Every structure is written in structure tokens, then in C-alpha cells.
Amino acid sequence: GALLGLYQNLSAAAPDRRYGPWLSSRLGGGGYLQHASQCLQDPKRVVLSTDVGGLYLSRDGGETWRMLHGALPPGEACTQVREALVHPKNPDWLLVAVGSKWDQANGGIFRSTDAGKTFERVLSGRFEGNGDTRGDGFVMVRHPERSDTVFAAPMDKGLLRSDDFGKSWRTLGMPDSSARDLVVDRRRPDEVIWLNADGKGLFRTDDGGKTWNLQAGSAEAPREKVQDP
């Protein structure tokens, strides 16, 4: 299908949609806007992930958008974004989970500290940005209290935790979970976590991943959960 956010060199465009000699054309060929992540200290800084069109950044609360995936490695995996996170205090820091079932070798998590000008691959793993579960819940979430702590659930590596905003990761169990949705408890984020494993069901840990208990079978497990604030 056609890429979301196709760019053309046309001269008759509105000035606010132009980036140098290039401007954003109409969307075409399908595609989903997956998730948007804001910087808590700069709410106008928003990063948007899409399933076939890559990664986009807005610095003005969504009035204008710029493509960021040009700084990611070439290949199908990096235009299929499953999740993107902005650091809650530093808007230039980004984490992006990319992957494709047709390009599994290049999937994983990439980190940027310069607002997407450059990216470093910090974790290799399988994400399906354009897979069957792309419309489900979140698979990479921020800790509600610690700004540098992030949880991520690649399909092939279970639940992972980083305490340095993606530089390094450690496992919290649930290997090969094929995660569809991840929720970290707001009151006890270091102990209580829910994870929906595709085809296996909804699991919960009350000890930070040491043990996991099945809460619902795969047929009953919700595709996405939201905790009451």
C-alpha cells in the first residue's frame, strides 16, 4: 500500500505545510495512526507512530508534523512503528519500538537524544508494527513515578525493564509472550503489572515479575486495558 505521509515537490501548497521545497501530500493507501506520546513538561511536543508510514514529530501540539523515520535504518521494519515514547522531562529523548513480520531482522527499540535527528538501536527484538495486534494496547510504557524507567514487551523476549531510558534492559519474565497489551499499576508500579500474552491469556505479577498468575484465558482476555486514574 501507499505510505502514509507521502511527500511531493509541488509548489501550490499552503505555506504552513511546506518543509523547504517539499510539502505533505494527501494521505492515501490506508494505514493506522497507532499511538501518540507527549512530553509532560512540554505538552506541545508530541510523537506519533503509524503502522505503515513511520514516525512523526510535532513541536506545536499537532499543528504541523515532520517525519523522523528518515534517521532510522532503511528497511520495512523501521517504517512500521508499534510504539513511541517521549521522555516526560526531556522532550529531545525518544524511544521507538519498530518491527515487521516481513522484516524481523531489523526490528527492535531505537533511542534518540536529539529529537530524532539520529537514532541508536538499544534492543533487538520482534515487534509487529503492521501485524494483527497493532490496534491493541500499549507494549512500551513509562513508569508513573520514575522518569527514566520504561517497561517494554517485545513479542520474543517477554517483559523488559530499563532504568536509564532505554540504554540497558533486564528481563522480568514471561518469555515469548507475544504481548498485546501492557499495564503498570499506578499505585505499585514496581510490583503490580498486567500483561496480555497473545494466545495465552491475561497474566498479572504482584512481585515485579518474579512470578506470574493467569487472570483470564485467551478467549476472555481484553485486547486493551485502562486503569482508572
Side-chain angles (χ1 to χ4, degrees), residues 34-35 37 49 77 80-88 93-101 104-111 120-129 131-229:
Q34 301 284 76
H35 295 129
S37 176
S49 56
Q80 299 182 6
V81 185
R82 179 62 173 88
E83 204 81 69
L85 284 182
V86 187
H87 192 280
W93 289 13
L94 314 174
L95 288 178
V96 186
V98 304
S100 165
K101 64 170 106 177
Q104 296 183 15
N106 295 312
I109 296 178
F110 289 81
R111 186 176 188 264
E120 175 190 6
R121 189 180 188 180
V122 292
L123 180 76
S124 61
R126 190 162 70 89
F127 293 94
E128 289 189 355
D132 296 335
T133 62
R134 66 182 181 270
D136 293 349
F138 295 87
V139 295
M140 188 166 62
V141 299
R142 297 184 297 212
H143 192 287
E145 298 170 356
R146 298 193 183 102
S147 57
D148 287 342
T149 297
V150 177
F151 299 88
M155 301 183 75
D156 57 342
K157 292 188 175 178
L159 181 61
L160 304 175
R161 173 173 173 153
S162 172
D163 292 304
D164 49 18
F165 203 69
K167 286 184 182 179
S168 60
W169 298 86
R170 60 185 175 91
T171 182
L172 299 181
M174 288 296 295
D176 299 320
S177 61
S178 296
R180 300 178 66 166
D181 184 41
L182 173 64
V183 173
V184 177
D185 184 62
R186 287 192 177 96
R187 297 161 300 180
R188 297 171 55 200
D190 296 305
E191 291 89 27
V192 181
I193 302 169
W194 292 268
L195 188 146
N196 185 356
D198 190 28
K200 299 177 182 179
L202 175 63
F203 291 83
R204 168 175 168 153
T205 179
D206 289 275
D207 52 18
K210 294 178 182 178
T211 59
W212 290 86
N213 299 303
L214 181 66
Q215 304 290 298
S218 59
E220 297 82 21
R223 294 177 60 181
E224 183 172 359
K225 303 171 295 301
V226 177
Q227 187 175 23
D228 190 311

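The figures that follow rest on heavy atoms only: side chains count, while hydrogens, waters and symmetry mates do not. Just so it is clear, the model here is predicted, and its values are computed rather than measured.
- Annotation: the span from Leu202 atom CG to Ser218 atom OG amounts to 11.0 Å, rounded to 0.5 Å.
- Within the 4.5 Å cutoff, side-chain heavy atoms of Asp163 are placed close to those of Arg170.
- How far CD of Gln34 is from CZ of Arg82: 6.5 Å, rounded to the nearest 0.5 Å.
- Residues Pro154 and Ser177 share a closest heavy-atom pair of O-OG, 4.2 Å.
- Between atom CZ of residue Arg161 and atom CD1 of residue Ile193 there is a gap of 7.5 Å, rounded to the nearest 0.5 Å.
- Ile109 has its side chain within reach of Phe127: a pair of non-hydrogen atoms, C-beta onward, lies under 4.5 Å apart.
- Rounding to the nearest 0.5 Å gives a distance of 8.0 Å between CG of Asp228 and CZ of Arg186.
- Looking only at distances, a side-chain donor or acceptor of Lys157 sits under 3.5 Å from a matching main-chain atom of Ser124.
- With a 6.0 Å radius and a threshold of 12 heavy atoms from other residues, nucleotides or ligands, Lys167 has its NZ atom at or below the threshold.
- Judged by distance alone, with hydrogens and angles left aside, the side-chain atoms of Arg204 form no donor-acceptor pair with the main-chain N or O of Gln215 at under 3.5 Å.
- Listed for the Asn196 side chain is no donor-acceptor partner under 3.5 Å among the backbone atoms of Glu224.
- For the pair Asp185/Gln227, a side-chain contact is recorded, criterion being any heavy-atom separation below 4.5 Å from C-beta on.
- In this structure a side-chain-to-backbone donor-acceptor pair under 3.5 Å is missing from Ser162 to Val150.
- Across all non-hydrogen atoms, the minimal contact from Val122 to Arg111 is CG1-CB, 3.7 Å.
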Steps toward side chain to side chain contact (heavy atoms under 4.5 Å, CB included) verdict (Ser178, Arg126): CA-CA 9 Å; Ser178 296; Arg126 190 162 70 89; 4.3 Å; yes
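- Rounded to the nearest 0.5 angstrom, Ser49 OG and Leu85 CG are separated by 9.0 Å.
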Side chain to side chain contact (heavy atoms under 4.5 Å, CB included) between Met155 and Val139, intermediate numbers included: CA-CA 9 Å; Met155 301 183 75; Val139 295; over 6 Å; no
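- Applying the salt bridge (charged side-chain N to carboxylate O under 4.0 Å, His left out) criterion to Asp198, with sequence neighbours excluded, gives Arg180.
- With hydrogens and angles disregarded, a donor-acceptor distance shorter than 3.5 Å links the side chain of Asp181 to the backbone of Phe138.
- When side chains are defined from C-beta on, Glu83 counts as touching His35, because their heavy atoms get closer than 4.5 Å.
- The shortest non-hydrogen separation linking Ser168 to Asp164 is OG-OD2, 2.7 Å.
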Trace of the side chain to side chain contact (heavy atoms under 4.5 Å, CB included) decision for Asp190 with His143: CA-CA 8 Å; Asp190 296 305; His143 192 287; 3.1 Å; yes
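- Asp148 and His87 share a donor-acceptor pair across their side chains, judged by distance under 3.5 Å alone.
- The CG atom of Leu195 sits 5.5 Å away from the CG atom of Leu182 when rounded to the nearest 0.5 Å.
- Taking the side chain as every heavy atom from C-beta outward, Asp207 and Glu191 never approach each other to under 4.5 Å.
- Looking at every heavy atom in both residues, Pro144 comes nearest to Val184 through CD-CG1, 4.4 Å.
- Checked by atom type and distance alone, the side chain of Arg121 pairs as donor or acceptor with a backbone atom of Gly107 at under 3.5 Å.
- Between Gly129 and Arg134, the shortest heavy-atom contact is O-CB, 3.5 Å.
- Across all non-hydrogen atoms, the minimal contact from Trp169 to Leu160 is CE3-CB, 3.8 Å.
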